[in-house]
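Here is the structure we will look at.
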Amino acid sequence: MKHLDISEAVKNADLRGHTAVVCGWVRTYRESAAVSFLELSDGSSFPRLQVVVDKSSLALDAECTKLGASVVVRGTLVAAYKGEGNELNAESVTLLGACPAEYPIQKKRTTLDYLRTIPHLRLRTNTFQAVFRVRSVAAQAVHRYFHERGFYYVNTPLITASDCEGAGEMFRVTTRPWNAAAKSEEEYYKNDFFGVKAGLSVSGQLEGEVAAMALGKIYTFGPSFRAENSNTTRHLAEFWHIEPEVAFAELPDVIELAEDLLKYLIKAVMAECPAELKFFDSFVEKGLLQKLANVANSEFAVLTYDDAIKELEKHNAGFRFPVHWGSDLQSEHEKYITETLFGRPVFVINYPKEIKSFYMKQNADGKTVAATDLLVPGIGEIIGGSEREADYAKLVAAMDERKMDKAAYKQYLDLRTFGSVPHGGFGLGFERFVMYVTGMENIRDVTLFPRSVKNIM
Ligand code: ATP
Ligand code: MN
């Protein structure tokens with residue numbers, strides 16, 4: 001269908017006096033004695049197009065006036081009678097699809113909880129349209145950022161036989177029906193599709209390292225799967241993961257990249273989605289615009305795990321899980337650090353090796369690893385990264401301590417045999433970023449069809 005996007009029809013002053021055809025869904029209808037007004041939305045922008053129907057020359061089909069109905073309108077664009085932009089004087093209004101009164105998206109504001117029960121329709125609300133426009137702009141900005149800096153975009157496998165030790169529970173990939181008669185796990189999987197136990201990847205990092213050891217700077221941007229058995233507002237079973245991996249890089253380089261990327265993405269969304277951010281600032285998170293402007297121009301803090309624990313211990317009485325050196329940081333601690341102590345994003349560095357993954361570079365103190373989590377107010381962890389252990393013997397020792405099957409990591413160990421170099425990278429959860437820039441508080445509301453425990457609508 002040849003037609004003009006409403007974003008263009010509304011704002012382009014050069015089109016005044018010209019005939020235009022627009023398509024959209026009816027958002028409001030009202031009439032006065034002489035004219036009727038339809039407001040149309042087609043998803044291309046916030047501002048809707050006001051269609052003006054002169055009752056004396058055009059009789060509207062009643063179906064075209066109902067909330068949610070889809071129509072095609074031909075007419076002449078003119079300067080809006082009130083306010084800025086254009087409106088359309090209709091010559092014809094044709095119904096594409098009627099919309100009965102039981103349409104679940106009514107004009108009154110409905111709750112996000114309710115909208116989660118109708119994921120196929122909730123995108124028709126202003127909130128969700130704004131979220132998904134921001135999400136799209138942010139995704140494009142991710143690719144632009146890396147492309148402009150010489151990173152290669154690689155696609156790591158989603159089906160994998162390794163489990164990126166420690167990153168989370170894996171979903172199994174199998175074609176076999178359940179067979180309780182199998183003598184052992186190994187025998188059971190021998191007859192399975194791959195001949196071994198396989199699952200959905202929790203991270204592209206291990207393969208990303210393979211690529212970085214040849215291409216230098218790479219990133220992946222794709223789905224990761226985690227059988228998270230927790231029902232939080234920050235975890236999904238399927239999420240999108242941005243994972244750069246850089247050769248000839250140490251922990252400070254990883255931190256610099258993470259901070260630069262985050263600021264770039266925030267600035268891109270601020271520049272390209274001003275109307276959406278203003279909307280979120282008014283209706284979702286008061287002060288959002290100020291927060292983003294501050295973050296884009298501030299230095300992120302860096303705090304060692306040692307110092308973080310010292311600070312947190314002073315407030316142990318207020319935590320559900322009191323901390324001591326060696327504790328993993330829970331969400332309440334992460335929030336305390338970034339919201340109460342700093343009021344801005346904080347990189348926590350040098351965690352105890354026992355609570356982090358085998359592949360992280362062991363520091364000279366023998367106790368900690370060169371890992372970092374970036375914590376941000378309102379969300380907690382948004383990025384997890386590290387310098388990787390590049391020393392063969394130390395990596396093997398870390399695997400032995402964890403009783404890992406070294407044969408399964410032959411390729412990964414080979415990277416430390418053949419021209420090993422210092423390198424590192426991180427994982428940024430894309431949905432957590434979208435939550436951060438929109439102020440949306442539940443990860444299920446920044447994902448088209450969220451998957452989580454007992455939920456696959
Ligand atoms: P968390 O402690 O929040 O569970 P994690 O330490 O398991 O996260 P990493 O393995 O470091 O996470 O993954 C890197 C990033 O991926 C995280 O910082 C987060 O932004 C994102 N992420 C991890 N798990 C999930 C999930 N289940 N849903 C959405 N995003 C996730
Ligand atoms: Mn992490």
**Study point:** Where at least one partner belongs to residues 422-439, residue pairs that pass salt bridge (charged side-chain N to carboxylate O under 4.0 Å, His left out), sequence neighbours excluded
**Key:** R135-E431

Exercise for review: State whether the side chain of D42 and the backbone N or O of I6 hold a donor-acceptor pair below 3.5 Å, judged by distance alone.
Suggested key: yes

Side-chain donor/acceptor pairs under 3.5 Å, residues 147-154, sequence neighbours excluded:
unit_1: R149; atom_1: NH1; unit_2: Y145; atom_2: O; d: 2.9
unit_1: Y153; atom_1: OH; unit_2: N155; atom_2: ND2; d: 3.3

Revision key, fill the gap. Residues at least two apart in sequence or cross-chain that pass salt bridge (Lys or Arg N to Asp or Glu O under 4.0 Å) with E276, listed by chain then number, are R133

**Study point:** S136: partners by side-chain hydrogen bond (donor to acceptor under 3.5 Å, both in side chains), with sequence neighbours left out
**Key:** none

Review point. Would a line drawn from the ring center of F171 to the ring center of F225 be shorter than 6.0 Å?
Key: no

Review point. Got a salt bridge between K310 and D306, using NZ or NE/NH1/NH2 to carboxylate O under 4.0 Å?
Key: no

Check your understanding: So does E186 pair up with K190, basic N to acidic O under 4.0 Å?
Key -> no

**Study point:** Note, H3 side chain near V22 side chain (heavy atom, < 4.5 Å)
**Key:** no

Revision key, fill the gap. Contacts of H235 meeting ring pair (Phe, Tyr, Trp, His ring centres under 6.0 Å) (sequence neighbours excluded), chain-then-number -> none

Review point. Is the shortest side-chain N to carboxylate O distance from K406 to D400 below 4.0 Å?
Key: yes

Point to revise | Residues which pass salt bridge (Lys or Arg N to Asp or Glu O under 4.0 Å) with K394, listed by chain and number, not counting sequence neighbours | key: none

Study note, to complete from the structure: Applying side-chain hydrogen bond (donor to acceptor under 3.5 Å, both in side chains) to E334 and not counting sequence neighbours gives none

Review point. Between F358 and Y409, is the ring centre distance below 6.0 Å?
Key: yes

Practice item. Answer yes when R320 and E332 have at least one side-chain N-carboxylate O distance shorter than 4.0 Å, and no when they do not. Key: no

**Study point:** With sequence neighbours excluded, residues passing ring pair (Phe, Tyr, Trp, His ring centres under 6.0 Å) with Y188
**Key:** none

Point to revise | Within residues 432-457 or reaching into it, pairs that qualify as ring-ring contact (aromatic ring centres under 6.0 Å, His included) - sequence neighbours excluded | key: none

Exercise for review: Just grab all the salt bridge (charged side-chain N to carboxylate O under 4.0 Å, His left out) pairs involving residues 436-457, residues at least two apart or on different chains.
Suggested key: R116-D445, R122-D445

Review point. Once the angle between the rings of F279 and F283 is folded into 0 to 90°, is it parallel (under 30°), tilted (30 to 60°) or perpendicular (over 60°)?
Key: tilted

**Study point:** ring pair (Phe, Tyr, Trp, His ring centres under 6.0 Å) involving H333 - partner list, sequence neighbours excluded
**Key:** F319

Point to revise | Contacts of E102 that satisfy salt bridge (Lys or Arg N to Asp or Glu O under 4.0 Å) - sequence neighbours left out | key: none

